[in-house]
Each structure stands twice: as C-alpha cells, then as structure tokens.
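What follows is one structure encoded as structure tokens, with my remarks underneath.
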Amino acid sequence: MKLTLVKNILDTRINRGAAMLEVSDIHVYYGLFEAVKGISVNIREKELVAIMGPNGHGKSTLIRAISGLVKIRGGKIEYNGKKIDKLKPPDIVKMGIIQVPEGGHLFPEMTVEENLLLGAYVPGAWKKRKENMQIVLDLFPILKDKMDQICLTLSGGERRAVAVGRGLMSSAKLLMLDEPSLGLSPLLAKELIKGIKKIKDTGISIILVEENIRYIRELADRIYLIEQGKVTLEGKKDQVLGNKHVKKAYLGII
Ligand code: ADP
Ligand code: MG
C-alpha cells in the first residue's frame, strides 16, 4: 500500500516536473580539440528551447552529441530517465529524437515525396506515414504542388520545409532544428518560422539552434547561450534577451 503511494507520487513528479531530455556536463572532443566543455541543458515536454551563440562555439556539436553522431567524453545524456549516450544514432532516432541538420541534407535527385517518405523508415512511423504526410502538408502547404518535383530544383525555402517535414515524418517527439532559417530570405524564413510555431502547437518538443534573435523572441520558451563550448547564460526568454551582455553582444544595444 505504502509502496504504491510512493510510486504514484513519483509518477506524478515525473510527469509534471522532470525534463524529457537531460544533458549533464558533457564534453566532446574532435581529436585534441575540446569543442564542448561541460555543457548541461534540458528540455521538458512541449517546450521550445532555443540555443544561441556565435559561429563555431559548439552548438551543432551539442546537437550531434544528443543524436549520437559524436561520442561524449564525460557527462551523460538521459531521455525520459534512460541513459542514451552509448546508443547508436538509429536507436536514438527510433526513440523519437530527430535531428534536422544544418542545410537539411536532402537527396537532390529524389522527389519531394520520396525525400519526405525517407523520414518514415523508422519503426512505428511507416504505418503513420499518410497521417504524418497530411500534417506536413498542412504545415507547409507550399509543398502540395511540388510532390513530384526533384529537390535539386526547389527554392531554398522549399528545401528547408522538406527537411523539417522529413523530420516530422519520423514521428518525432523531440525535434532538433539546426539553424533552419540560415540563408533564407526574410519572407521565406517567416513562412518556415510559422511552420515551426505550428509544430510546437502540436505538442512536439523542439530544440532550435537559431541566430536570428527575432525568431527566438517569437518562438522560444527558454534560451541557452553557448559561448566557447560552455553555457554562459540560461533562463526564460525575457531574462536572457534582457541580459546586459546579450543586449550588447547580440542585439547591438548599448
Ligand atoms: P557551431 O554550431 O556553434 O557553429 P560547431 O559545433 O559546428 O559550432 O563547431 C564547434 C567547434 O568544433 C568549431 O571550432 C569547429 O571548427 C570544430 N569542429 C566542428 N566539427 C568538427 C570536425 N568534424 N572536426 C574537427 N573540428 C570540428
Ligand atoms: Mg552549427
């Protein structure tokens, strides 16, 4: 009886408070170079956490470490309480942790539909491919008339939409977007941001690496600032964007 009670209390706590992803004090090296120097971040269900910081300071490396694409040396990564930092990338994908890499990495000679369907080659996601495809097309209606077009001939914005859409085709529970708006015209970027906002509204947790403060302001619940391989500031959006150092270095306000 007592045990059940304790278990119930614990379950409630897990559901309410605990992070779905907990990255604790991880270090990543490329050869002798330490790119990530003891970073801790976490994200809860339905949250959108933005990662900002200068180029070359370890943001993509952090995302790649979560995906299992680079090994961590020290620290740990837990997903829903389970340690995942020794797992192989496909096993991490199967858990619903999906990365959309910088630039998207589509297959240029394959059509939009084929590229999207590639995302569905994940256990569980294949049976939901029709439903997920509908979600993708609702989010990015621009793709509706382009399903048979090869990706090579798409505009930059359309390509980015396919890359994010492919992530959704995998039935993502945690979507990690690495600079999705990079290089897009303001108009196309705005469309993409609208799509990301809608994804967030469906309840999918999102880690967004983004350099455009305007988009961060629009989308983020919390922000981590990463500088020189470390988290130098973290907090609720308003706290971080209101910080003196951030205002001076990233918003150009003195
Ligand atoms: P960001 O995403 O913040 O721009 P990255 O995580 O891509 O930064 O890179 C962090 C640092 O690690 C940079 O100095 C970069 O040159 C270095 N780096 C990234 N990838 C590799 C790699 N495959 N081999 C060696 N060094 C790398
Ligand atoms: Mg990067």
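For reference, positions follow the sequence shown, starting with 1. As the structure is a prediction and not an experimental result, all values here were calculated from the model. Hydrogens, waters and symmetry mates are skipped; everything else that's a heavy atom, side chains included, is used.
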Roughly how far apart are [X] [atom1] and [Y] [atom2], rounded to 0.5 Å?
| X | Y | atom1 | atom2 | result |
| --- | --- | --- | --- | --- |
| Asn212 | Lys190 | CG | NZ | 12.0 Å |
| Gln228 | His57 | CD | NE2 | 5.5 Å |
| Cys151 | Glu158 | SG | CD | 9.5 Å |
| Glu234 | Ile39 | CD | CD1 | 11.0 Å |
| Ile84 | Ile92 | CD1 | CD1 | 4.5 Å |
| Ile135 | Lys198 | CD1 | NZ | 12.0 Å |

In this structure, would [X] and [Y] fall into the same cluster of hydrophobic residues linked by side-chain contacts under 4.5 Å?
| X | Y | value |
| --- | --- | --- |
| Leu69 | Ile26 | no |
| Ile193 | Leu143 | yes |
| Leu241 | Leu219 | no |
| Ile216 | Ile63 | no |
| Val122 | Ile199 | yes |

Looking only at non-hydrogen atoms, find the nearest pair between [X] and [Y] and report the distance.
| X | Y | answer |
| --- | --- | --- |
| Glu45 | Met20 | CA-SD, 4.0 Å |
| Met147 | Leu137 | SD-CD2, 4.1 Å |
| Gln239 | Gly235 | OE1-CA, 3.4 Å |
| Gly68 | Pro89 | O-CG, 3.5 Å |
| Asn115 | Arg166 | O-CD, 3.0 Å |
| Gly31 | Arg73 | O-NH2, 3.5 Å |

Within a 6.0 Å radius of atom [atom1] on [X], are there more than 12 heavy atoms belonging to other residues, nucleotides or ligands?
| X | atom1 | value |
| --- | --- | --- |
| Lys236 | NZ | no |
| Gln149 | CD | yes |
| Lys83 | NZ | yes |

[X]: which residues meet the side chain to side chain contact (heavy atoms under 4.5 Å, CB included) condition with it, sequence neighbours left out?
| X | result |
| --- | --- |
| Asp238 | none |
| Thr232 | Leu225, Glu227 |
| Asp91 | Leu87, Lys88, Lys94 |

Side chain to side chain contact (heavy atoms under 4.5 Å, CB included) between Arg222 and Val240, intermediate numbers included: CA-CA 8 Å; Arg222 284 189 300 125; Val240 172; over 6 Å; no
Could you tell me whether the side chain of [Y] reaches within less than 4.5 Å of the side chain of [X], counting heavy atoms only?
| X | Y | result |
| --- | --- | --- |
| Arg64 | Gln99 | yes |
| Asp178 | Val100 | no |
| Val49 | Val41 | no |
| Phe107 | Glu114 | no |
| Leu208 | Pro180 | yes |
| Ile66 | Ile207 | yes |
| Glu78 | Asn42 | no |
| Leu188 | Leu192 | no |

Under-4.0 Å salt bridge between Lys37 and Glu34: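 Looking at Glu34 together with Lys37, the answer is no, because their closest N to O distance does not fall below 4.0 Å.
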Contact list for residues 201-210, test side chain to side chain donor-acceptor pair (under 3.5 Å), sequence neighbours left out: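 Sorted pair list: Ser181-Glu210.
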Side chain to side chain donor-acceptor pair (under 3.5 Å) contacts touching residues 118-132 (sequence neighbours left out):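 Every side chain to side chain donor-acceptor pair (under 3.5 Å) pair that includes a residue of residues 118-132, provided the two are not neighbours, is Asn132-Ser171.
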Criterion side chain to side chain contact (heavy atoms under 4.5 Å, CB included) on Val36 and His27, from CA distance to verdict: CA-CA 5 Å; Val36 165; His27 297 251; 5.7 Å; no
Residues clustered with Leu152, ILVMFWY side-chain links under 4.5 angstrom: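 Traced through the cluster, Leu152 reaches Ile150.
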Side chain to side chain contact (heavy atoms under 4.5 Å, CB included) between Tyr224 and Leu233, intermediate numbers included: CA-CA 6 Å; Tyr224 290 91; Leu233 191 64; over 6 Å; no
Given Lys237, Arg44, Lys200, Lys46, the one that forms side chain to side chain contact (heavy atoms under 4.5 Å, CB included) with Asp221: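 Among Lys237, Arg44, Lys200, Lys46, the one that satisfies the side chain to side chain contact (heavy atoms under 4.5 Å, CB included) with Asp221 is Lys200.
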Trace of the side chain to side chain contact (heavy atoms under 4.5 Å, CB included) decision for Lys173 with Ile204: CA-CA 5 Å; Lys173 295 193 181 77; Ile204 294 175; over 6 Å; no
